[in-house]
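Note that the structure is a prediction, hence the values are computed from the model and not measured. For ligands, and for the atoms within them, numbers begin at 1 and follow the listed sequence. All residue numbers in this chain count up from 1 along the given sequence.
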Amino acid sequence: MALNGFKDIVPSEVELWRKVENTGRDIFSRFNFSEIRMPILEKTELFARSIGEATDIVEKEMYTFVDKQITMRPEATASLLRAYIQHGLYVQKPVQRLFTIGPMFRHERPQKGRLRQFHQMDIEVLGTPNPRVDAELMAMGAMLLEELGIPVSLEMNSLGCPVCRPGFREILLTFIADRKNELCDDCNRRSTTNPLRVLDCKNPKCREQVEEAPSIQKHLCNDCDDHFASVQKGLDSLNVQYSLNKFMVRGLDYYTRTTFEFITSDLGAQAAVGAGGRYDGLVEKLGGPKVPGIGFALGMERLVLLLQQQEVKIDSAKVDLFVAGLGEKASEFAFSLAHTLRQNSLNIAMDYEGRSLKSQMKQANKLNARFVLIIGENELEQGHAVLKNMQTQEQQDIEIHSDNKEIASSLLLRCQ
Ligand code: HAM
């Protein structure tokens, strides 16, 4: 058995995975993104410094080899920024638009849509604070989900910046202090380390308590306020629907200003299919230049689950031609002909067990083969075989001779 929270992706699911990934790749290239690939293992301190020491991810969920101080990445942003700094990508282009696709690891309690090894499509723009980019990224995410046929709502907040957030933190602390006895243990602990997290506690009692909590959107400095207004203007101009959510604070500490989540109502507790935001101080914090950044990641398991729930089915790769050899000599001929046909880009299947014609036709049907080439022992000696169109049931005689290449070109013409 595979480990709890680790999942095989079996062939019948892979087509949906490819649909998700191909749609992503297509859209990322429309928006001029380049792919980057990073290793899975990184120094533990990279994640502690970026995601934050007091977050659930760093405190409880990371797969860390303690003796080696290395960790299997729980997300892609920190690794991508490490690579961006290490390779001086900011020198090559003032604005880098990068995406990466791959597995991430978090030791969470597994449930529907939540795994310990999961996959993200992660997109980052480094080098511009422009609010239009925030709007464009959200619009790109919305476009991707729409093209996949996955309905979501987009929720957005601003978390301010080092100028305005400390002031809001104080206001929030006063609000929390008055309700201390009504809040859960986690919230009480967080109120000293990370009071903003109290706002997104899932405990219904805490939710009730923070309903009237002050909104950070009302306590932004002028620059953040202008930025937030421009992001909304950008979304309006692209006709992207969204709503503001003062409770969205995100579980990673690196965010500044814009944060957002794409939410589905079809996956129970794991409602976020994608999420992200701006992190203007993070590159510098990790030892790079003062470069602003923004990005988001989509959870691929959740996207695939939603497609499965909608019973989206994709035809598996079509077999162009099933080569049916009858008897040892014909099978040997079929074996080498199949190879030549594959060299000529045809998708070929065949039988290796010397089965009867009836059984080989059954196999061809099961594989949804478009044509079957039937090569009998006697026919082979007489230099011909039968090509059957499985859709029309039409049969035609094909000349068979010793030159596989010539047979291949005549079959290529007929199997178009
Ligand atoms: P995140 O909110 O931790 O953000 O994860 C992004 C998405 O990954 C989630 O919305 C969810 O769809 C998926 N996801 C997260 N954990 C799991 C899990 N255990 N099982 C299945 N899916 C999961 C980040 O990771 C940030 N790095 C996003 C970002 C990029 N921010 C800026 N740039």
Side-chain angles (χ1 to χ4, degrees), residues 3-7 9 17 20 24 28 33 36 38 42 46-47 50-52 55-58 60-63 72-82 84 96-126 133-134 137-138 140-141 144-145 148 150 152-157 159 197 200 248-264 266-283 286 292-306:
L3 292 170
N4 193 14
F6 290 75
K7 199 177 160 296
I9 302 166
W17 278 82
V20 166
F28 304 152
F33 281 84
I36 182 169
M38 297 85 62
E42 296 277 359
L46 173 68
F47 302 116
S50 53
I51 299 170
T55 58
D56 283 353
I57 297 180
V58 173
K60 308 187 227 169
E61 296 167 2
M62 294 206 307
Y63 283 89
M72 289 166 78
R73 61 181 187 194
E75 57 120 42
T77 312
S79 309
L80 190 144
L81 264 51
R82 195 263 314 131
Y84 169 82
Q96 283 283 3
R97 297 163 74 86
L98 301 168
F99 78 90
T100 194
I101 299 176
M104 312 291 153
F105 303 85
R106 294 184 195 173
H107 192 269
E108 296 186 83
R109 197 165 46 79
Q111 52 178 252
K112 184 176 171 190
R114 191 163 74 191
L115 287 114
R116 291 179 170 170
Q117 175 176 335
F118 61 99
H119 297 74
Q120 286 185 342
M121 296 199 281
D122 181 89
I123 303 96
E124 313 286 351
V125 180
L126 290 145
V133 174
D134 305 35
L137 267 190
M138 283 183 257
M140 182 177 83
L144 205 174
L145 292 162
L148 282 173
I150 294 176
V152 289
S153 54
L154 170 61
E155 298 187 359
M156 181 177 54
N157 196 10
L159 292 182
R197 288 305 309 272
D200 80 343
M248 188 207 299
V249 296
R250 309 280 297 122
L252 305 94
D253 282 356
Y254 49 60
Y255 292 113
T256 53
R257 295 190 169 168
T258 316
T259 53
F260 56 96
E261 290 184 349
F262 292 102
I263 303 288
T264 171
D266 300 328
L267 275 186
Q270 307 312 314
V273 297
R278 185 164 274 289
Y279 45 81
D280 288 346
L282 186 57
V283 176
L286 293 178
I294 177 166
F296 72 102
L298 293 157
M300 296 177 76
E301 277 75 8
R302 295 186 190 175
L303 299 180
V304 169
L305 257 177
L306 287 164

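Close approach to G113 involves these atoms of ligand 1, each under 4.0 Å from a residue heavy atom: 20 (N), 21 (C), 22 (N). Atom numbering of ligand 1 starts at 1 in the shown order; those under 4.0 Å from a heavy atom of E108 are 16 (N), 18 (C), 19 (N). Atoms of ligand 1 lying under 4.0 Å from at least one heavy atom of L252, given by number and element, are 3 (O), 4 (O). Taking every heavy atom of E124 and a limit of under 4.0 angstrom, the matching atoms of ligand 1 come to 30 (C), 32 (C), 33 (N). Close contacts between ligand 1 and Y255 involve ligand atoms 26 (C), 28 (C), 29 (C), 31 (N), 32 (C) [criterion: under 4.0 Å to a heavy atom]. Those atoms of ligand 1 that come under 4.0 Å of a heavy atom in R250, given as number and element, are 1 (P), 2 (O), 4 (O).
With E301 contributing its side chain and R114 its backbone, the two residues share no donor-acceptor pair below 3.5 Å. Distance alone, capped at 3.5 Å, is enough to place a donor-acceptor pair between the R116 side chain and the E108 backbone. Counting only distance, with no hydrogens or angles, the side chain of R73 and the backbone of P103 share a donor-acceptor pair below 3.5 Å.
To the nearest 0.5 Å, atom CZ of residue F47 and atom OG1 of residue T77 are 10.0 Å apart. Expressed to the nearest 0.5 Å, how far CE of M300 lies from CD1 of I9 amounts to 8.0 Å. In this structure, the separation between CZ on F296 and CG on D122 is 8.5 Å, given to the nearest 0.5 Å.
Distances between N or O atoms of L298 and those of ligand 1 include no value under 3.5 Å. For the pair R114 and ligand 1, the shortest N or O to N or O distance does not fall below 3.5 Å. Where the criterion is an N or O separation shorter than 3.5 Å, residue side chain and backbone included, L115 meets it with respect to ligand 1. Between D122 and ligand 1, no N or O atom pair is found at a separation short of 3.5 Å. Below 3.5 Å of separation, one finds no N or O of Y279 facing any N or O of ligand 1. Note: an N/O pair closer than 3.5 Å links V273 and ligand 1 by distance alone.
Shown here for P110 and N4, the closest heavy-atom pair between the two residues is CG-OD1, 3.7 Å.
Contact check for T264 versus R302: no side-chain heavy atoms found under the 4.5 Å cut-off. A 4.5 Å side-chain heavy-atom check between I51 and P74 finds at least one atom pair inside the cut-off.
Ligand 1 is never approached by E301 to a heavy-atom distance shorter than 4.0 Å. For the ligand labelled ligand 1, residue M300 lies outside the 4.0 Å heavy-atom shell. Heavy atoms of G251 come nearer than 4.0 angstrom to ligand 1 in no pair at all.
A salt bridge links R250 with E261: at least one charged nitrogen is closer than 4.0 Å to a carboxylate oxygen.
Ring geometry for F99 versus F28: interplanar angle of 30 to 60°, hence tilted.
Of all protein heavy atoms, the one lying nearest to atom 9 (C) of ligand 1 is A272 O, 4.0 Å.
Comparing F260, F262, F296, F118 against atom 14 (N) of ligand 1, the shortest heavy-atom distance belongs to F118.
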